[in-house]
Amino acid sequence: MDDLLSGLRMPERVAPGALFLPGYAASIEREALRGIAAICALAPPHHLLTPGGRRLSVAMTGCGAFGWHSDRAGYRYVSRDPVSGRPWPAMPRSWRDLAREAAERAGYPGFEPQSCLVNRYDTGARMGLHRDCDEDDLTSPVVSVSFGVTAAFLFGGAERHDPVRKLAVESGDVLVWGGPSRLAYHGVAPLPRRTHSLTGPLRWNLTFRRVTHRQGP
DNA sequence: CAGTACCA
DNA sequence: CCCT
């Protein structure tokens with residue numbers, strides 16, 4: 001009966017090149033949350049500033065060869081954590097494998113992510129509609145994995161004013177977009193005040209990307 | 001508030 | 001040439 005109320009929770013093509021995979025990461029939920037804690041101990045999440053000087057409501061850190069950073073100087077990928085000056089923590093093998101397998105399932109075989117952005121959403125945190133356009137390699141997809149409190153993921157189109165689909169992303173859900181959807185606008189509605197048995201009030205999101213082309217580091 | 005900008 |  002819950003299925004009738006909450007949706008069928010079956011893999012669903014949300015747009016050309018975009019596939020929603022409910023529960024695809026559920027089996028690594030606990031391990032992933034331990035990994036997130038370990039990464040946060042080495043590279044604590046913090047609220048980045050936009051080039052315009054505004055503070056993002058989402059707290060960010062990351063792992064892998066490249067991490068995302070923004071400040072007054074602009075948006076970019078960097079190979080060291082600007083806070084610590086050290087390289088980003090290693091990307092856990094199980095995360096990389098999961099992202100690769102989800103990408104393959106969505107029709108993007110051979111995905112080798114170089115960056116995993118770790119986003120922490122506290123109650124009320126949101127991500128405005130935007131598109132991921134700062135990667136050199138736009139042939140690789142984006143793989144987004146959610147843990148913790150359920151959020152409303154907004155998935156639009158190539159134009160800012162294209163209609164937006166609202167997807168309830170639960171803990172363990174995965175969304176992959178690439179090909180004709182690679183530059184689709186997307187975002188996250190303000191996180192509701194809820195609790196999850198493993199994360200309390202928080203939602204964690206892992207976003208895997210390839211930053212450079214194959215010959216890159 | 002993840003496009004940081006068209007000299008009107 | 002978006003208007004968060």
Side-chain angles (χ1 to χ4, degrees), chain A residues 14-15 17-18 20 36 39-40 43-83 88 91 99 113-149 151-167 169 173-193 201-212:
Chain A
V14 302
F20 180 48
I36 288 169
I39 287 165
C40 291
H46 63 284
H47 299 272
L48 298 175
L49 295 180
T50 70
R54 316 190 86 115
R55 195 185 94 127
L56 300 184
S57 61
V58 176
M60 300 184 171
T61 181
C63 62
F66 296 96
W68 175 251
H69 189 64
S70 74
D71 55 24
R72 305 310 294 257
Y75 305 110
R76 61 203 181 272
Y77 285 94
V78 291
S79 50
R80 288 174 176 271
D81 177 3
V83 174
W88 298 97
M91 189 186 303
Q114 296 169 312
S115 172
C116 174
L117 181 59
V118 175
N119 288 331
R120 191 194 69 212
Y121 289 74
D122 300 78
T123 303
R126 64 164 81 182
M127 183 69 70
L129 263 197
H130 69 283
R131 41 185 190 177
D132 294 11
C133 57
D134 291 297
E135 300 76 29
D136 293 331
D137 185 355
L138 295 176
T139 68
S140 291
V142 178
V143 177
S144 171
V145 183
S146 298
F147 295 111
V149 171
F153 194 98
L154 311 171
F155 196 88
E159 315 285 326
R160 179 172 282 279
H161 293 295
D162 284 346
V164 171
R165 285 203 49 186
K166 188 182 289 190
L167 299 168
V169 288
D173 289 353
V174 177
L175 183 63
V176 181
W177 64 97
S181 283
R182 179 60 179 75
L183 294 176
Y185 279 91
H186 60 280
V188 177
L191 193 72
R193 173 173 271 106
L202 304 180
R203 169 182 186 251
W204 292 95
N205 177 70
L206 308 179
T207 309
F208 298 86
R209 300 181 185 83
R210 185 159 187 91
V211 176
T212 67

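Here is the naming used below: chain letters follow the sequence lines, and residue numbers restart at 1 for every chain.
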Asks: Side chain to side chain contact (heavy atoms under 4.5 Å, CB included) for A/Val169 and A/Phe20? Distances and angles first, verdict last.
Replies: CA-CA 9 Å; A/Val169 288; A/Phe20 180 48; 3.9 Å; yes
Asks: Name the orientation class of the two ring planes belonging to A/Trp68 and A/Tyr75 (parallel below 30°, tilted from 30 to 60°, perpendicular beyond 60°).
Replies: parallel
Asks: Which is it for A/Phe208 and A/Val145 under the side chain to side chain contact (heavy atoms under 4.5 Å, CB included) test, yes or no, and what are the steps along the way?
Replies: CA-CA 8 Å; A/Phe208 298 86; A/Val145 183; 3.9 Å; yes
Asks: Taking protein heavy atoms under 4.0 Å as touching, what does nucleotides 2-8 of chain B look like 5' to 3' if B marks base contact, S marks sugar-phosphate-only contact and - marks none?
Replies: BBB----
Asks: Test A/His130 against A/Asp132 for side chain to side chain contact (heavy atoms under 4.5 Å, CB included), laying out the working first.
Replies: CA-CA 7 Å; A/His130 69 283; A/Asp132 294 11; 3.2 Å; yes
Asks: Can we say A/Asp71 and A/Arg76 salt-bridge, meaning some charged N sits less than 4.0 Å from an Asp/Glu carboxylate O?
Replies: yes
Asks: Which word best sums up how the rings of A/His69 and A/His46 line up, parallel for under 30°, tilted for 30 to 60°, or perpendicular for over 60°?
Replies: tilted
Asks: Under 3.5 Å, is there a donor on one side chain and an acceptor on the other for A/Ser146 and A/Arg203?
Replies: yes
Asks: Which atom pair, heavy atoms only, marks the closest approach of A/Gly187 to A/Leu129?
Replies: N-CD2, 3.7 Å
Asks: Considering only heavy atoms of chain A and a distance under 4.0 Å, specify the first and last nucleotide of DNA chain C in 5' to 3' order that meet this criterion.
Replies: C/dC2 to C/dC3
Asks: On a whole-Å scale, what distance lies between the C1' atoms belonging to B/dC1 and B/dA5?
Replies: 16 Å
